[in-house]
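All values below were derived from every heavy atom in this structure, side-chain atoms included, with hydrogens, water molecules and symmetry-related copies excluded. Convention: sequence-line order gives letters A, B, ...; per-chain numbering from 1.
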Amino acid sequence: VSVNSSILVIVLAQALLYGTPILFAALGELLAERSGVLNLGVQGMMLVGAVMGFWASQRAPGPTALVLLLAVATAAFAGLVMAAIHAFLVISLRASQIVSGLALTIFAGGLGLSSYLGNDLGLANVPPKNQFGQIDVFGLKDVPVVGPILFDQSALVYASWVVTIAIALYLARTRFGLNVRAVGESPGAADAMGISVTRYRYVHVLAGGALAGTGGACFSLAITPGWTAGDSLVSGAGWIAIALVIFSFWRAELCLLGAYLFGGLSGGLPSTLPAHGYTITPELLQALPYVTTVVVLVLISSGWAKRRLGGPAALGVPYVREER
Amino acid sequence: VIRIERRLTQPRWLQFVVPIASLVVAFVVMAGVLGVTGHEPLHIYRRLFDAAFGDHAAWTATLVSGTPLLFTGLAAAVAFRMQLFNIGAEGQLYLGAIGGAGVAIWLGPHHATVVAILAMCACGAAAGALWALIPGVLKAFGRTNEIITSLMLNYVAGQLLTYLIFDSASPWRDISTVQTRSFPQAIPLQPSQFWPTLSPRNVVVPLGALIALGIAVALYVLFRSTRFGFEMSVIGDSQRAARYSGMRTRRKILAVMAISGSVAGLGGVSQVGDFSHELDASPQGLQGAAFGYTGIVVAALGRYNPFAVCLVGILLGGLQNAGLYLQGPDFPSGLVGVMQGIILFCALGGELLIRYRFSVRRRPRAIADDVPVASPEPTL
């Protein structure tokens, strides 16, 4: 038990908790990017997911488990609706994916829709009625080291593992998954094979939005239950998720590891170190995940890594059949 | 059948009509959103307009909100024009404010106002440019995605700003009394360092707004009549074509990032010199305003044209000012961001009309019936 109260174990357990929203959002972005659509609106989709998830958890009647399920579903749906705007603009109207994504972040973000909804629905600083608690899986919570890290987490963490495995298998082993990759690599060839590029892109951008919404709900239902106006609830998690997709070379299983690394940096260390008597300038700790992102991105952008493990070839390019 | 085909030439009138039409559509959509959420759209629009442009006091407040957007909008426009997505104007603006305030504090009261202003501008622009050169160098030499690096540096710059005032004994922080040691406060500028204003017809025009207009003119000349500007637009259209014709894309990336960063940095200096008169690190100050991000909206709506950017900057400044003024139960905060987003979405959708042409044609079969079929080529 004394091992389990050591700082390393606590940081790692926290890394899983804080990494989960990043993981959900990164998996969603991964799906969209694999189909060839870059969505920079992750931050906005997460914030709207967070506020709508919290709203549902406050207003829905019934047993806690059911309410939380409904709340996550609401958050996912909210994220999906946000992604639909981006999908329509970039897939149907061929708008610039970068500008549209940024527009989505501004529209939905901390000074936009999420704040409007939260204030209009009266959610600011309301004590949470329902929140995700830890589940002691198979009673293994007290096992040294792995107990608190792996077996004493919330249902969202376990759900994220299932989603990760499902997406990894989907992309590698199913016909639809292979089609998505074809659409992302060479939409012209995919179109010639009879795959509907438009439909595949829509479906995956929407699915990505739903996952980003779910990621947002992790914040408002599990990590810091409640809602506050502005960006502070999610801080930079959406942007880290976008970077994480690059770090993980567009692979779901690597997203999992990266998400926990950044979960540890952005949540684990800042919440643990001061309580254990380490005095580190808080700003330095807060800036750490962002600096690390830049450093890792630089390392990964080197020619070698890019040649070996590049992203989808058609990423960011609108597909216009007539201009094939 | 409706066919969508790329226009070979973009008619000039379309570039004016489509943005204005998008704006109208955006206001119609917004009216729908307001109506659904139980507000009276026409009444709100009326009050918005009055609060933004109703009288001289409204214009003065609009210029206060709009001035930083001119800088950040121009900063984004320069970079985006070359398809260099610098979304770090936010952080570059903080750095500009830090640099400008720093040199003003260092100079002290014994200098002429002009000297102080010039020194603040030079220092702030340099600080913004250096901060922007971090993603610039990484992009030019490491081909690192500038979107993510410039954005990540925004958060780092925010933490730096907080650190300077709240968690250190930096030269920017007032630690002269017991009270300011426990309640952190920035050192204010000397009154002789406050930036002067113009006030025609009781509308107070900050010096920063004039500087931004000057920058807009300079950028217009740069884009229109210099080789540098021409090469920028070639690189923006096709990096490959630019490289093949011997343009130095790497150098251009560095130069454009530096220009973009220095313009954003000047925005920060103007915040210090024109308005706050200190390095404002509070959450409601620079960090709460999201000038840098709104600048992207401004640049995109102005289609990266410096003068259009200035016009849009003032319009959105008016919207922000009115939003702050009207904030309350029937005008929840966040509505302004929603409106900006909808306007931008409509403008993006409108781009389709500028770039593509819709033509209605008869079915191909009907044509085939009329036209005599040419005899097939003899095959060998």
Which atoms form the tightest heavy-atom contact between A103(A) and F345(B), and what is the distance? CB-CE2, 3.7 Å
With a 4.5 Å cut-off on heavy-atom pairs, point out which of V336(B), L335(B), L344(B), I343(B) contacts chain A the most. L335(B)
Select all residues of residues 147-160 of chain B having any heavy atom within less than 4.5 Å of some heavy atom of chain A, and report them by number, or 'none'. I147(B), I148(B), T149(B), L151(B), M152(B), Y155(B), V156(B), Q159(B)
Under 4.5 Å from a heavy atom of chain A, the part of F80(B) involved: side chain
What heavy-atom pair brings D167(B) and P282(A) nearest, and what distance separates the two atoms? OD2-CG, 3.5 Å
For the CZ atom on F77(A), are there more than 12 heavy atoms of other groups (residues, nucleotides or ligands in this structure) within a distance under 6.0 Å? no
Restricting to non-hydrogen atoms, name the atom on V338(B) and the atom on G112(A) that form the minimum distance, rounded to 0.1 Å. CG2-C, 3.7 Å
Given heavy-atom pairs under 4.5 angstrom as the criterion, report whether the side chain, backbone, both or neither of L138(B) touches chain A. side chain
With a 4.5 angstrom heavy-atom cut-off, which part of L113(A) approaches chain B: side chain, backbone, both or neither? both
Pick one of side chain, backbone, both or neither for I106(A), based on which atoms fall under 4.5 Å of a heavy atom in chain B. both
Heavy-atom closest contact (G349(B) atom, L89(A) atom, distance): N-CD2, 3.8 Å
Could you grab the distance from atom OG of S96(A) to atom CD of Q83(B), nearest 0.5 Å is fine? 7.0 Å
Under 3.5 Å donor-acceptor, R94(A) side chain and R355(B) backbone: no
Just distance, no hydrogens or angles: give the donor-acceptor pairs under 3.5 Å from side chains in residues 286-300 of chain A, sequence neighbours left out.
residue	atom	partner	partner atom	Å
Y290(A)	OH	G236(A)	N	3.2
T292(A)	OG1	L288(A)	O	2.6
T293(A)	OG1	P289(A)	O	2.6

Measure S235(A) against the heavy atoms of chain B and call it side chain, backbone, both or neither at under 4.5 Å. backbone
Which answer fits I85(A), side chain, backbone, both or neither, if we ask what part of it has an atom under 4.5 Å from a heavy atom of chain B? side chain
Which atoms of A289(B) are under 4.5 Å from chain A, going by heavy atoms: the side chain, the backbone, both sets, or neither? backbone
Of all heavy-atom pairs between L352(B) and L93(A), which one has the smallest distance, and what is that distance? CD1-O, 3.3 Å
Okay, L348(B) and chain A: the region with an atom under 4.5 Å from a heavy atom over there is both
Contact part of E351(B) toward chain A, heavy-atom cut-off under 4.5 Å: side chain, backbone, both or neither? neither
Rounding to 0.5 Å, atoms CD1 (I296(B)) and CD1 (I98(A)) come to a distance of 11.0 Å
Go through the atoms of S100(A) and report whether side chain, backbone, both or neither lie under 4.5 Å from a heavy atom of chain B. both
